[in-house]
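Each chain gets a letter, A, B and so on, in the order its sequence line appears, and its residues count up from 1.
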Number of protein chains: 2
Amino acid sequence: MAAKGGGAQGKGPQWQAGSVPSLQQADSEPALSIERIVATAVELLDAEGVDGLKMRRLADRLGAGAMSLYWHVDNKEEVFDLALDSVLEYRGPPQGIEAADWRGAIFHMLEDWRASMLGHPWSASLLPRRALGPNILSRLELLGRILSGAGVAEADLNGAIWSLWNYVIGATITRANFDLSDDDMAAAQQRLAHLSEKYPTIERARLLLDNDWDGAFRKGLDFLLDGLVPRQ
Amino acid sequence: MAAKGGGAQGKGPQWQAGSVPSLQQADSEPALSIERIVATAVELLDAEGVDGLKMRRLADRLGAGAMSLYWHVDNKEEVFDLALDSVLEYRGPPQGIEAADWRGAIFHMLEDWRASMLGHPWSASLLPRRALGPNILSRLELLGRILSGAGVAEADLNGAIWSLWNYVIGATITRANFDLSDDDMAAAQQRLAHLSEKYPTIERARLLLDNDWDGAFRKGLDFLLDGLVPRQ
DNA sequence: ACCTGAACACCGTTCAAGT
DNA sequence: ACCTGAACACCGTTCAAGT
C-alpha cells in the first residue's frame with residue numbers, strides 16, 4: 001500500500017483496450033507499458049506454461065530491471081488476469097451466418113472460444129479461478145442474448161448459460177491437459193492395458209487414445225442445445 | 001535419483017488401499033506412513049486450499065521433522081496425486097436403485113462424484129491436471145459399463161464417457177471456485193451492475209447471484225443423457 | 001529402514017533510492 | 001512519473017549424516 005504513485009495507475013486490472021502506446025525510444029527497447037507486459041506474458045505462458053511465468057523472467061524478456069514491473073502492475077495475479085482476458089477476445093461471427101441462425105451463432109462463438117483456449121493451453125485451467133474480464137463478459141452477454149432470442153425463458157436463462165459455460169470449460173480443460181502430454185497419455189494407456197482385468201470396458205473403448213475430441217465436443221453441444229432451447 | 005532405498009518404496013504413487021498400518025508407538029505420535037501423510041494432506045488442503053499445502057507445514061502437522069516426508073514420497077506432486085484420488089472413492093449405489101435403472105445409476109454416481117469434489121473444493125481443479133488414479137478409473141469403468149448396458153454403441157462409448165466427464169468437471173470446477181468466495185461474487189455482481197449498459201442481458205439474468213447450481217447440473221445432465229443414450 | 005538439520009537454489013514482493 | 005538493486009521471507013528439494 002502506498003508504495004506507488006497513488007493515481008489511477010496500478011490499482012487493479014487495467015481492462016482498457018487499445019490505447020495507443022506512447023512514443024517509443026528510437027534506439028533500444030521501447031518503454032514498459034501494460035500492453036507490452038501483457039503481450040510478453042502471453043508469449044512466455046505459451047512457451048513455458050503456467051509455471052514458466054516468473055516475474056523476473058518476464059522482466060528479463062522485456063529488457064527491464066527485475067522489479068520494474070511492479071510499478072505497472074500490483075502483483076503476479078494481475079498479470080495472469082490481464083493475459084487471460086487478452087487471449088479471449090471475440091471478433092464476432094463471420095459473414096456467412098444469418099441473423100436468424102441462433103444455433104450457428106452459438107456454435108461459432110463457443111467453438112471459437114474453445115479454439116482460443118486450446119491455442120493457449122494454460123488459459124483454460126486459469127479461467128474459472130480468475131475474475132471475469134471484459135472479453136469473457138462480452139461472450140456471456142452475447143450468449144445470453146442469443147439464447148434469449150432463440151426462445152429461452154427469462155427464468156431459465158441463467159441455467160442455460162452456465163450449462164454451456166460448464167460444458168465448454170470442462171471439455172477444454174480436459175483436452176488442453178491431455179494435449180500437453182502425448183507421451184503421458186500413451187504411458188497411461190500402457191498402465192491401463194496392464195490392468196485390463198480391472199478396467200475392461202475403458203480398456204476396450206481405448207478411452208485415452210481413440211477419442212475424437214472435436215467431434216465429441218460438437219455432438220455433446222448439440223445435445224445440450226436440444227435440451228436447453230425449446231423447439232418452436 | 002538413488003537418494004533413497006531403491007526398493008518398491010517411494011517410486012511413483014502408491015495406490016495400495018487399506019494395508020493395515022504397522023504397530024504404533026504407545027506413547028507419542030504414531031510412525032509416519034503413506035496413509036497418515038495422505039490423510040493429513042487432505043486435512044490441510046481442506047483447511048487452507050491448494051496454496052496452503054507446503055511440505056514443511058505438512059510435516060509439522062504430522063509431528064515429524066521437515067524433511068522426513070521425502071522418504072515416503074518422491075515429491076509434492078505425488079502428495080497431490082494421492083490426496084486427490086483418496087477423496088474420490090465411490091462406494092456404489094444405494095440399495096434403492098434397481099439394476100435396470102441405468103439412468104438412476106449414472107445420476108447417483110455422477111452426483112456423488114460432484115459432491116465429493118465440492119466437499120474438497122481444491123480437488124476439482126486438480127483432477128484434470130493429474131494422473132488418473134484407481135478411484136477415478138473405477139468410476140470411468142463403471143460409467144462405461146452402465147452406458148454400454150444402456151445401449152450406447154461401442155463406437156460411441158468414448159465420446160459419451162468424455163462428454164459426461166467434461167460436463168461434471170466443468171460444472172464442479174466452476175461451482176467450487178465461485179463457492180469459495182461469496183464476497184467476491186457479490187463484488188463482481190456489483191461491478192457488473194455498474195456496467196449494465198454494456199452487459200444488460202447477464203445483468204438482467206443476475207448471472208452470478210440467482211443461479212440454482214444443483215438444479216442446473218441435474219437438468220443439463222438430463223439433456224446430455226437424452227442425447228447420448230438412444231431411446232429404446 | 002527410517003528420520004533429521006543444514007544448506008542450496010530459487011521466487012514474489014518491499015523498500016529506499018535513483019533519474 | 002518511472003525505473004532500479006539490495007534485501008527479506010519464504011519454498012521445494014538435495015545431501016551427508018544420524019539411529
Over all atoms of both residues, closest heavy-atom pair of Ser116(B) and Val87(B):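 Where Ser116(B) meets Val87(B) most closely, the heavy atoms are CB-O, 3.8 Å.
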For a quick test of reading the model, state the closest non-hydrogen atom pair linking Ala59(A) to Gly65(A) and the distance between them.
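Looking at all heavy atoms of both residues, the closest pair is CB-O, 3.5 Å.
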Without decimals, in angstroms, what is the distance between [X] [atom1] and [N] [atom2]?
X: Met67(B); N: dA6(C); atom1: CE; atom2: C1'; result: 11 Å
X: Glu77(B); N: dC11(D); atom1: CD; atom2: P; result: 18 Å
X: Asp74(A); N: dG12(C); atom1: CG; atom2: P; result: 16 Å
X: Leu32(A); N: dA1(D); atom1: CG; atom2: C1'; result: 13 Å
X: Lys76(A); N: dT13(C); atom1: NZ; atom2: P; result: 8 Å
X: Asp60(A); N: dT4(D); atom1: CG; atom2: C1'; result: 14 Å
X: Leu69(A); N: dC11(C); atom1: CG; atom2: P; result: 14 Å
X: Phe80(A); N: dG12(C); atom1: CZ; atom2: C1'; result: 12 Å

Answer yes when [X] and [Y] have at least one side-chain N-carboxylate O distance shorter than 4.0 Å, and no when they do not.
X: Asp112(A); Y: Arg139(A); answer: yes
X: Glu141(A); Y: Lys198(B); answer: no
X: Asp214(B); Y: Arg114(B); answer: yes

>> From C-beta outward on Trp71(A), which listed nucleotide comes closest to its side chain: dG5(C), dA1(D), dT13(C)?
In response: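 Shortest atom-to-atom distance from the side chain points to dA1(D).
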| task | Could you please name the option among dG12(C), dA6(C), dC3(D) that lies closest to any side-chain atom of Tyr70(A)? | result |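 Nearest to the side chain of Tyr70(A) among the choices is dG12(C).
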- prompt: Does some side-chain heavy atom of Glu111(B) sit less than 4.5 Å from a side-chain heavy atom of Arg218(B)?
  reply: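 SC-SC contact between Arg218(B) and Glu111(B) confirmed.
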Inset, instruction - Would you tell me whether Asn135(A) and Asp85(A) have side-chain atoms, one donor and one acceptor, within less than 3.5 Å of each other? - result: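 Looking only at side-chain atoms, Asp85(A) and Asn135(A) do form a donor-acceptor pair, the distance falling under 3.5 Å.
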For DNA chain D, the dot-bracket notation using Watson-Crick and G-U wobble pairs below 3.5 Å, [ ] for pseudoknot-type crossings and | for other-strand pairs, is ||.|||||...|||||.||
- Query: Going by the angle between their ring planes, with limits at 30° and 60°, are Trp162(B) and Trp213(A) parallel, tilted or perpendicular?
  - Reply: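 Taking Trp213(A) first and then Trp162(B), their aromatic rings sit tilted (interplane angle of 30° to 60°).
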*Taking OP1 and OP2 of dC3(D), is either one under 4.0 Å from a side-chain nitrogen or oxygen of His72(A)?*
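True: His72(A) side-chain N/O within range (under 4.0 Å) of dC3(D) OP1/OP2.
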Given Phe107(A), Tyr90(A), Trp165(A), the one that forms ring pair (Phe, Tyr, Trp, His ring centres under 6.0 Å) with Trp113(A) |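 One option only clears the test, and that one is Trp165(A).
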Short of 4.0 Å, heavy atom to strand atom, which residues of residues 44-57 of chain B count as contacting DNA chain D?
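Only Leu53(B), Lys54(B), Met55(B), Arg56(B) qualify.
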